[in-house]
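To keep things clear, I will list the structure first and then write my remarks on it.
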Amino acid sequence: MTASAPGASPQKAEFWPYAEAGKLAARAAGYPPERSVVFESGFGPSGLPHLGTMGEVLRPAYVRQAFAALEPSRSSRLIVFIDDMDGLRKVPESLPDREGVAAFLGRPVAQIPDPFGCCSSFAGHMIGLLRVFLAPAEVDYELLRASEMYSTGRFDEVLRRILVLHGEIIAIVAPTLREQNRENWSPFMPVCPACGQVNSTLVTAHRPERDSVEFSCQRSFGGAHGCGFRGERSVLGGGAKVQWKVDWALRWRVLGVDYELYGKDLIDSARISGRIVRLLGGTPPLGFPFEMYLDEAGHKVSKSIGRGVGVEQWRRYAPIEVLKYFLILNPQRARKLFLESIPQYVDEYLDELRAWSAAPEDARRNSPLTFVLQRNSARRFASQLSFAMIMNLVGALGTDDRQLIRAYLQRYDQATGADPETEALVSTLVECAINYYRDFVEPAKQRFEPSEHERAHLGELIAWLKSHPDAEADEIERAVYEIGRLHYDKPGKIFPVVYKALLGQERGPRLGSFFRLTTPARAAEILERALETS
RNA sequence: GAGCCGUUAGCUCAGGCGGCAGAGCAUCUGACUUUUAAUCAGAGGGUCCCGGGUUCGAGUCCCGGACGGCUCACCA
């Protein structure tokens with residue numbers, strides 16, 4: 001019930017979600033029983049969600065799950081906080097109507113029309129994408145929007161306090177700013193009532209006695225400029241937002257956040273926000289800085305197009321469970337991720353799954369799969385297959401003929417078809433392998449341009465296949481060799497010719513059994529077509 | 001320049017409290033009744049970034065350095 005959660009196996013290192021949950025349990029030990037523990041994760045709706053976003057939501061969810069196991073009687077919430085009061089600073093690429101959006105630079109993204117034309121606002125559209133994007137991961141969370149928190153007054157009480165204490169807050173933040181920026185810095189960013197921009201206003205005086213600030217709309221940023229308006233505006237009810245580090249403190253204070261994961265780039269921000277939240281009478285949440293994901297060259301994965309592997313891509317080449325598995329691996333270690341490394345993680349996952357299903361209940365506690373398995377995930381993998389092998393097979397067969405692929409897999413390991421759960425997972429893996437094959441292997445194939453001799457040899461093989469529709473595998477194999485023996489100094493030299501005609505590559509499956517499975521008649525057709533198009 | 005994190009096989013990564021350095025992929029060799037692929041079996045492969053220190057013993061703990069990444073914004 002309280003902090004002294006006994007580890008099930010003290011001789012082992014705790015899996016990191018339990019270690020984190022243990023710290024959290026100690027923190028919550030003095031809480032009244034009805035008080036929930038609050039996890040927070042942030043999402044900036046000024047851009048598209050990406051792999052990092054997935055990690056930022058899933059990783060606190062893992063800690064939450066571990067916490068629930070440790071403290072079953074304590075309720076918890078996972079808040080995904082959407083900062084839609086954020087002013088748009090630049091127009092993201094890959095948006096429709098970029099010029100139209102550019103006219104709204106500097107305004108809160110909640111106030112910008114949806115360039116896709118289907119949602120209430122720019123931010124609304126991104127939030128919709130986020131929901132769709134998170135849905136397959138089956139993670140339980142609640143969304144809170146900054147614009148609603150501000151406009152409904154839920155932030156007002158603490159906003160007043162920030163205004164009263166603005167001098168102390170400035171004293172905390174100023175040393176971290178460049179000198180030329182210190183003089184005019186204020187915790188508040190009023191929304192200009194004349195032009196609607198939030199990034200263009202400069203606070204000229206704080207008026208805590210009237211809950212307001214005086215400001216002028218004069219700052220420029222990017223390609224946008226202030227409108228020149230000068231005035232005074234209440235900081236309550238959405239008239240202003242607060243600056244980043246103050247904003248974090250505000251959220252922590254109002255929502256009672258207990259746990260916040262953030263990228264290591266925010267370590268310094270978290271320190272500052274922690275001092276501010278104390279000033280506001282709150283306690284900083286437990287923090288957990290995690291490492292970034294890197295691309296093949298070791299650079300940080302960025303939202304901008306083309307860098308790193310996206311979630312859509314990942315899902316095309318691997319099951320969602322494997323992505324979740326990847327995201328639970330030691331978060332304090334920088335990880336490189338590129339397309340070629342995905343199959344490796346799939347096979348790691350399959351190994352884990354085999355171990356998990358064989359393990360007794362209490363030994364499963366420390367397995368990543370306890371956190372990663374979905375409602376409909378296979379609970380076991382009763383097969384010797386590996387994803388690498390399936391990928392190779394699809395490549396070797398050079399086909400997306402699922403029946404043929406399954407026939408080979410079945411021959412390799414009969415157990416595969418016996419268990420429905422294994423069967424389902426194998427189906428998914430085959431689809432992923434086919435996607436990979438289509439996207440990367442097939443386009444790289446070279447056109448086959450046979451010589452007259454090769455054309456003739458293949459003609460012989462086609463004729464033979466047509467006249468032996470019921471031939472057995474070894475019979476076919478012998479026939480191929482026979483043609484090779486007739487025309488080449490070494491009979492094996494016929495094989496690359498057949499493979500090039502068949503698959504556009506120099507190697508492939510053993511021809512006897514391959515032709516037998518496809519049937520000689522169909523094999524003959526495929527070869528004929530290859531000769532026609534070449 | 002300051003702070004944080006990292007560096008283990010060709011590549012991606014594991015290495016509980018200090019106790020004989022590991023896996024997968026890649027490479028090489030062999031097997032699968034004729035020189036092809038999958039597959040299977042086996043092998044090679046290491047200055048654990050460098051230098052000190054503590055210790056009977058250091059990939060692991062401490063100090064110093066090199067290299068790489070991220071941050072140090074009126075961006076969240």
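All chains are named by letter (A, B, ...) in the order of the sequence lines, taking the proteins before the strands, and each is independently numbered beginning at 1. These figures come from a predicted structure and were not determined experimentally. We use all heavy atoms of the structure for the numbers below, so side chains are in, but hydrogens, waters and symmetry mates are not.
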Would you kindly give the [atom1]-to-[atom2] distance between [X] and [N], to the nearest whole Å?
X      : N      : atom1 : atom2 : answer
A/L329 : B/rG15 : CG    : C1'   : 14 Å
A/D86  : B/rA73 : CG    : P     : 18 Å
A/I390 : B/rU39 : CD1   : P     : 11 Å
A/F515 : B/rU36 : CZ    : P     : 17 Å
A/E352 : B/rG24 : CD    : C1'   : 13 Å
A/K90  : B/rC75 : NZ    : P     : 14 Å
A/Y349 : B/rC13 : OH    : P     : 21 Å
A/D347 : B/rU12 : CG    : C1'   : 13 Å

Polar contact flag, side-chain donor to acceptor under 3.5 angstrom, [X]-[Y]:
X      : Y      : value
A/E232 : A/S212 : yes
A/E20  : A/Y62  : no
A/H225 : A/S200 : no

Expected label for B/rG16 (glycosidic angle, syn inside 90° of 0, else anti) would be syn
What is the nucleic acid contact for [X], judged by heavy atoms within less than 4.0 Å: base, sugar-phosphate only, or nothing?
X      : result
A/K241 : sugar-phosphate
A/E477 : base
A/T176 : sugar-phosphate
A/D247 : sugar-phosphate
A/L202 : base

Could you pull out the protein-nucleic contacts involving nucleotides 7-9 of chain B (nitrogen or oxygen on both sides, under 3.5 Å)?
unit_1: B/rU7; atom_1: OP1; unit_2: A/R333; atom_2: NH1; d: 3.2

The side chain of [X] lies closest to which of these nucleotides: [options]?
X      : options                : result
A/R219 : B/rU36, B/rC75, B/rA76 : B/rC75
A/R89  : B/rU39, B/rA76, B/rC75 : B/rC75
A/Y481 : B/rU36, B/rA76, B/rA38 : B/rU36
A/Y345 : B/rA76, B/rC75, B/rU12 : B/rU12
A/Q344 : B/rU34, B/rU12, B/rA76 : B/rU12
A/N184 : B/rU12, B/rU34, B/rC74 : B/rC74

Closest to the 5' end of RNA chain B, once A/E183 and A/M389 are matched to their nearest nucleotides, is A/M389
The dot-bracket string of RNA chain B, counting Watson-Crick and G-U wobble pairs with both distances under 3.5 Å, using [ ] for crossing pairs and | for pairs to another strand, is (((((((..((((.....[..)))).(((((.......))))).....(((((..]....))))))))))))....
Notebook entry, point to check: Is the closest basic N to carboxylate O distance between A/R478 and A/E475 below 4.0 Å?
Noted result: no
Legend entry - Presence of salt bridge, A/D400 and A/R438, under 4.0 angstrom: yes
How about A/W356 and A/F381: are their ring centroids closer than 6.0 Å?
no
* **Between A/Y437 and A/Y317, ring centroids under 6.0 Å** => no
Checklist entry - Parallel, tilted or perpendicular: which describes the rings of A/Y18 and A/F371, with under 30° parallel and over 60° perpendicular? => result perpendicular
Point to revise | Geometric class of the A/F514/A/Y408 ring pair [parallel <30°, tilted 30-60°, perpendicular >60°] | key: tilted
If we take the [atom1] atom in both [N] and [M], what is their distance in whole Å?
N      : M      : atom1 : result
B/rU8  : B/rG46 : C1'   : 8 Å
B/rA14 : B/rC49 : P     : 14 Å
B/rG52 : B/rG22 : C1'   : 28 Å
B/rC25 : B/rG59 : C1'   : 23 Å
B/rU12 : B/rA26 : P     : 15 Å
B/rA9  : B/rC4  : P     : 27 Å
B/rG57 : B/rG19 : C1'   : 7 Å
B/rG18 : B/rG45 : P     : 31 Å

Q) Given the rule in the side chain to side chain donor-acceptor pair (under 3.5 Å) test, do A/S269 and A/W248 qualify, once you have shown the distances and angles that lead to the verdict? A) CA-CA 9 Å; A/S269 292; A/W248 228 2; over 6 Å; no
Which of A/L353, A/D347, A/V346, A/D351 passes side chain to side chain contact (heavy atoms under 4.5 Å, CB included) with A/Y349? It is A/L353
Are the ring of A/W185 and the base ring of B/rC74 both nearer than 5.5 Å at their centres and tilted by less than 30°? no
Counting just side-chain N and O atoms, does A/K245 come under 4.0 Å of either OP1 or OP2 of B/rC74?
-> no
Under 4.0 Å: is that the gap between some side-chain N or O of A/R271 and OP1 or OP2 of B/rU71? no
inquiry  = If you apply the rule side chain to side chain donor-acceptor pair (under 3.5 Å), what do you find for A/Y325 with A/E348, and how did you get there?
reply    = CA-CA 9 Å; A/Y325 171 77; A/E348 244 180 71; 2.7 Å; yes
